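Heavy atoms only: backbone and side chains are in, while hydrogens, waters and symmetry mates are out. Chain letters run A, B, ... following the sequence lines, proteins first and then strands; every chain starts at 1. Fair warning: this is a prediction, and the values are worked out from it, not measured in the lab.
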2 protein chains.
Amino acid sequence: MLKEERFQVILNQLNTDQKVQLAGLSNILQVSEDTVRRDIKELAEQGLLKSVRGGAIPHSPGPHHFKDRIGYGNEKKQIIANKALGFLKDDQVVIFDGGTSPLLIAQSLPKDIRLTVVTNSFPIASILEEHEKVEVLFAGGRLMKKSFVTVGSDTMHFFAKFRADICLMGICSIHPELGVTGPDYEESEVKKAMVDVSKEIIALSTVEKLGTAEGFYVCPTDQLTTIVTDQTGDSDDCKVYRDMGIHVI
Amino acid sequence: MLKEERFQVILNQLNTDQKVQLAGLSNILQVSEDTVRRDIKELAEQGLLKSVRGGAIPHSPGPHHFKDRIGYGNEKKQIIANKALGFLKDDQVVIFDGGTSPLLIAQSLPKDIRLTVVTNSFPIASILEEHEKVEVLFAGGRLMKKSFVTVGSDTMHFFAKFRADICLMGICSIHPELGVTGPDYEESEVKKAMVDVSKEIIALSTVEKLGTAEGFYVCPTDQLTTIVTDQTGDSDDCKVYRDMGIHVI
DNA sequence: AAACAATTTGCAATATATTGCAATATTTGA
DNA sequence: TCAAATATTGCAATATATTGCAAATTGTTT
């Protein structure tokens, strides 16, 4: 019997019974429970069901297509994400900005980390579904359909209510004198609100973005605590930021 | 035997059995498994089937993606959704509750309708991505991972800022004297906030839920404007609501 | 805390895929 | 038609995937 046949059987039974159990499937399919478990795991990765202890249940309807949107071409950002992971500890309150870099961090987060995450990004909230111990506080506001983040005064007021340990800010341009800037007015305004309530601000940026500026101001560069780049961070480009007291890694 | 003949045989068997296996085809066609494998590979490149380890399966098999899954218990809710669609007109401000019924409505919405939607449901906001002319205002708050809606005082305050034309409320229990009730405290509290700011309240409910009650109070029954059911609505069960001045359809 | 059930991990046995190659069949072009 | 080029086929060696088992770990219940 083909693996894909088993998949069909599992999904069918799930549709009719609203649940499946390892023991039962093992009998029906005439394979070991281990194999059934692996099948379920694979189906869960495809978002076709939700794996639970002892079996599986139908996947809640929802925005699971966000997971597919993570491009695979971006090793640089994954490098950045891995470095940034080191800053996150249990019991912190962390603000996640929208954008690909914070998304990759969320994706790479250990499944059992205990955090309070405040964000305005649908994809990030969506990915954090599986992290049992992560409490997600989502900022309301007007939904930008292109980037799937909320913006507007409601969003900003929402952030104003918190005091976060860390703010993870996605790709912005960073310039020694011109400060941190972004390409979109509304989103830059929201970023302002984020940095205003965060003790530590970690900017995630590829080296190309260093020394550049865009149209909309977020905050002065020296408000940043750390800049995480995809390089080692000891190059000359970085020295100017280091001299400002910013950690560059 | 010509290669094209083999192709036909393979596709035929695939059509009847929903699967083919290398060993079996090798026997039938009297060629080596290698050849069958190469045939399948070629057919797969033409998109006529999906090659899998040990054989092949039809290209887009059984109930897979989401839209197909409006299947088992949801025909009733789809009926409700279709009826409710009639209430929505261009330029209205509409509150969408969480739950499957409002989700189905959102899914069935004409792509070019012009609405302002206020909601606390991720799946609904997500589905409305494709509707260019629908502005989505998303209520912030604490994210419930089970149902993917936000709850809490932030969520309630968010709704309090609006005056909606219509509130589409998902499955609740409705009882003539005990009022509208829900199974979850937090979500019921949010529903309260929704109904408080809506001119018209449309409850979406299967007839089984009529005359029943659950643990958490939402609002008095006579605050409802309309009850949309999966039946014709002229049965005796409905009379009591009609007498209260509620439209039952 | 003990007892039990489920999961994870590493491993070995087996099944299937891939690749390169040689033998045969088929097509092409003069 | 014939010879050369091309495609197809089967085979063998090697690589990869799948499966079931067992030990170690984690989660749940009593």
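- Between the side chain of A:R53 and the base of C:dA5, at least one donor-acceptor pair of N or O atoms lies under 3.5 Å.
- In this structure, A:V36 reaches neither bases nor backbone, as no heavy-atom distance under 4.0 Å exists between it and the strands shown.
- With distances taken from any side-chain atom of B:R37 to the nucleotides C:dT8, D:dG10, C:dA17, the minimum falls on C:dA17.
- Between A:K3 atom NZ and D:dT16 atom P the separation is 17 Å, expressed in whole Å.
- Between A:K133 atom NZ and D:dG27 atom C1' the separation is 11 Å, expressed in whole Å.
- Residue A:R38 places a side-chain atom within donor-acceptor reach of the base of D:dG20, judged by atom type and a 3.5 Å distance cut-off alone.
- Using bins of under 30°, 30° to 60° and over 60° for the plane-to-plane angle, the ring pair B:F138/A:F138 lands in the perpendicular bin.
- Atom C1' of nucleotide D:dG10 and atom CG of B:L22 are separated by 15 Å, given to the nearest angstrom.
- Dashed line: the shortest gap from a side-chain N or O of B:T35 to OP1 or OP2 of D:dG10 is under 4.0 Å.
- Taking atom CD of A:E42 as the reference point, atom C1' of D:dT19 lies 13 Å away to the nearest angstrom.
- Aromatic ring centres of A:F158 and B:F158 lie farther apart than the 6.0 Å criterion allows.
- A donor-acceptor distance shorter than 3.5 angstrom exists from the side chain of A:K89 to the backbone of A:G86, with no hydrogens or angles considered.
- Remark: the backbone N or O of A:V31 is not paired with any side-chain donor or acceptor of A:T35 at under 3.5 angstrom.
- Distance B:D39 CG to D:dT8 P: 10 Å, rounded to the nearest Å.
- When the C1' atom of D:dC21 is taken as reference, atom CD of A:E33 falls 13 Å away, rounded to whole Å.
- Along DNA chain D, the nucleotide nearest A:M1 and the nucleotide nearest B:R6 are compared for position; the residue whose nucleotide lies closer to the 5' end is B:R6.
- Atoms CG and OG, on B:D39 and B:S51 in that order, are 11.5 Å from each other to the nearest 0.5 Å.
- Spacing between atom NZ of A:K111 and atom P of C:dT7 amounts to 17 Å, rounded to whole angstrom units.
- In terms of position on DNA chain C, the residue among A:D34 and B:S51 whose nearest nucleotide sits closer to the 5' end is A:D34.
- Put simply, CG on A:D112 is 14 Å from C1' on D:dT25, counting in whole angstrom units.
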